[in-house]
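By convention in this document, chain letters (A, B, ...) are assigned in the order of the sequence lines, proteins followed by strands, and residues within each chain are numbered from 1.
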Number of protein chains: 2
Amino acid sequence: MTRKSCNHDAAYGLFFGSLANHNRFSIINALRDGKKNVTEICELTDFEQTMVSHNLRRLEHCGMVFPERIGKCCYYQVNEKTIKPLLKLIDAHIEKYCCKILAGER
Amino acid sequence: MTRKSCNHDAAYGLFFGSLANHNRFSIINALRDGKKNVTEICELTDFEQTMVSHNLRRLEHCGMVFPERIGKCCYYQVNEKTIKPLLKLIDAHIEKYCCKILAGER
DNA sequence: GTGTCATATGACTAAATAATCATATGTACT
DNA sequence: AGTACATATGATTATTTAGTCATATGACAC
């Protein structure tokens, strides 16, 4: 492997951990068709505002979403450059190698 | 988003969760330069055998490693087709967007 | 400045996940 | 069959992570 510094390890953990959580994943999905503010995300996902804020903070920390303040609202947009190809890759993987999981096995 | 069945959601969670764990990530790294049996992985990583087995089972479940029994040893090889481009993608992301994390911030 | 809406933060609790321990299974060799 | 080595499994405990609650901050309008 291209062994890098131990902060790289931390970054991997934070990155993948951010995507592993179902609610965060839903938030990312909510943003996939365009930037939205926190209230809009809450409405779309039916999540509590504080929970959304906490999770957006983590997603931002990992460079997966970018905030933009307009007036009193804060709009978030997903990092298309990473998220799009990543999800494409994973979708292909899941279809090919995770048939057991898809079948409901666990 | 390309919304799929809820088992897809489960698959995403399992997939990313598998990579989020530091020890599992180390196991994947240990396998990156060729297939190894459990004992060899233990020696390389300095992890306990039961822990390695538990984690290999999960990685296998997610289609990230493939087992092959030869005699009394079980050799595991990483799923290059997914892991290689995935890590490449993430490395690029981390370099670009996670400078704060790389700088030790948390 | 006061009130209101939008979002963020910190502390605490609840829930999920991982590591460990004890033990079982499986294979080969004698 | 008996022993030794290799790996797997299940149950329990420890640790991590996420969600909730109370509250703070920030921006705007009056």
Side-chain angles (χ1 to χ4, degrees), chain A residues 6 9-31 35-62 64-77 100-101 105-106, chain B residues 6 9-31 35-62 64-77 100-101 105-106:
Chain A
C6 68
D9 286 358
Y12 282 118
L14 284 170
F15 184 90
F16 290 120
S18 295
L19 293 167
N21 179 269
H22 184 271
N23 293 340
R24 272 191 298 267
F25 204 77
S26 298
I27 291 172
I28 287 179
N29 282 330
L31 294 176
K35 60 176 73 172
K36 297 190 177 52
N37 68 37
V38 180
T39 306
E40 290 169 337
I41 297 171
C42 289
E43 281 162 3
L44 264 163
T45 55
D46 210 43
F47 293 155
E48 277 231 53
Q49 182 267 315
T50 44
M51 191 264 253
V52 170
S53 275
H54 277 300
N55 282 316
L56 282 169
R57 186 157 161 273
R58 164 134 188 199
L59 291 172
E60 186 195 342
H61 188 235
C62 294
M64 289 181 201
V65 302
F66 307 118
E68 181 192 0
R69 184 126 208 164
I70 300 178
K72 32 182 192 169
C73 298
C74 190
Y75 286 83
Y76 284 87
Q77 68 180 309
K100 284 183 180 179
I101 299 170
E105 204 178 291
R106 213 268 125 119
Chain B
C6 68
D9 287 358
Y12 281 118
L14 283 170
F15 185 90
F16 290 119
S18 296
L19 293 166
N21 178 270
H22 184 271
N23 293 341
R24 273 192 296 268
F25 203 77
S26 298
I27 291 172
I28 288 179
N29 281 331
L31 294 175
K35 60 175 72 172
K36 296 190 179 52
N37 68 38
V38 180
T39 306
E40 290 169 337
I41 296 171
C42 290
E43 282 161 2
L44 265 162
T45 55
D46 211 44
F47 293 155
E48 277 230 55
Q49 182 267 313
T50 43
M51 190 263 252
V52 169
S53 275
H54 277 299
N55 283 315
L56 281 169
R57 187 157 160 273
R58 165 137 187 196
L59 291 172
E60 187 195 340
H61 188 237
C62 294
M64 288 180 200
V65 302
F66 307 118
E68 180 191 2
R69 183 129 210 164
I70 301 177
K72 34 182 192 170
C73 297
C74 190
Y75 287 82
Y76 285 87
Q77 67 180 310
K100 283 182 180 179
I101 300 170
E105 205 178 291
R106 214 260 127 127

J.: Can you tell me if Asn55(B) touches the phosphate of dA18(C), counting only side-chain N or O atoms and a distance under 4.0 Å to OP1 or OP2?
T.: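 It does not, given that no N or O in the side chain of Asn55(B) lies less than 4.0 Å from OP1 or OP2 of dA18(C).
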
J.: Give a yes or no on whether a donor-acceptor pair under 3.5 Å exists between the nucleobase atoms of dA8(D), that is its base, and the side chain of Gln49(B).
T.: yes

J.: Using a 4.0 Å heavy-atom cut-off, does Thr39(A) contact any base of the nucleic acid, only the sugar-phosphate backbone, or nothing at all?
T.: sugar-phosphate

J.: Please confirm whether the shortest side-chain N or O distance from Asn23(A) to OP1 or OP2 of dG19(D) is below 4.0 Å.
T.: yes

J.: Search all heavy atoms of Met64(B) against all heavy atoms of Ser18(B) and return the closest pair with its distance.
T.: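 Distance-wise, the nearest heavy atoms are CE-CB, 3.8 Å.
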
J.: At under 4.0 Å between heavy atoms, what does Tyr76(B) touch on the DNA or RNA strands: base, sugar-phosphate, or nothing?
T.: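 Sugar-phosphate, no base atom in range.
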
J.: Examine dT7(D): is either OP1 or OP2 under 4.0 Å from a nitrogen or oxygen in the side chain of Arg57(B)? Give yes or no.
T.: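 No, because none of the side-chain N or O atoms of Arg57(B) sits under 4.0 Å from OP1 or OP2 of dT7(D).
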
J.: For the pair Phe16(B) and Phe25(A), name the ring-plane relationship: parallel under 30°, tilted 30 to 60°, perpendicular over 60°.
T.: tilted

J.: Mark yes or no for whether Arg24(B), through its side chain, and Asn55(B), through its backbone, hold a donor-acceptor pair below 3.5 Å.
T.: no

J.: How sharply is the helix from dG1(C)-dC30(D) to dT30(C)-dA1(D) bent, taking the axes over five pairs at either end and rounding to 10 degrees?
T.: 20°

J.: OP1 or OP2 of dA27(D) less than 4.0 angstrom from a side-chain nitrogen or oxygen of Arg69(A), does that happen here?
T.: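 Looking at the OP1 and OP2 atoms of dA27(D), neither is under 4.0 Å from any side-chain N or O of Arg69(A).
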
J.: May I ask you to verify if any side-chain N or O of Asn21(A) is less than 4.0 angstrom from the OP1 or OP2 atom of dA16(C)?
T.: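 Checking dA16(C) against Asn21(A), no side-chain N or O comes under 4.0 Å of OP1 or OP2.
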
